[in-house]
Amino acid sequence: MKEQTGANRAHRLGVRDGMKEINEQHISEPGLVVLDITATDEDTLQLVVARLEERWATSGPAPVRRVPGRAGATGRVYADIRRSGTGAGGGGG
């Protein structure tokens, strides 16, 4: 099997499922990341996003997407790991 090439090859599945393509602007500098998170339910997804917000500057609560026939709830978060989040003391661990 031939390996797919291109910067977004791992993301192609998400694009087909209604998530937008990752724009170069979102990852134009070191420290900028795009996280596609899948959890068993919406509460778990939102908890993970809240914990990310405590540690790093993020785009905020992720809109939840569900794909019929596929388990879980998915959301996308944009983060800047160079900037501290809302947590006291700048995080740890």
Worked check of side chain to side chain contact (heavy atoms under 4.5 Å, CB included) between Q46 and V64:
CA-CA 9 Å; Q46 295 304 336; V64 177; 3.2 Å; yes
Return the CD to OG distance between E53 and S59, rounded to the nearest 0.5 Å.
7.5 Å
Answer yes or no: are there more than 12 heavy-atom neighbours, outside R83 itself, under 6.0 Å from its atom CZ?
no
Could you list the residues that satisfy side chain to side chain contact (heavy atoms under 4.5 Å, CB included) with I81, not counting sequence neighbours?
V33, W56
CZ (R66) with more than 12 external heavy atoms under 6.0 Å
yes
With rounding to the nearest 0.5 Å, note down the distance linking CD in E42 to CG in L47.
13.5 Å
Among T44, T74, L45, which residue satisfies the side chain to side chain contact (heavy atoms under 4.5 Å, CB included) criterion with I37?
L45
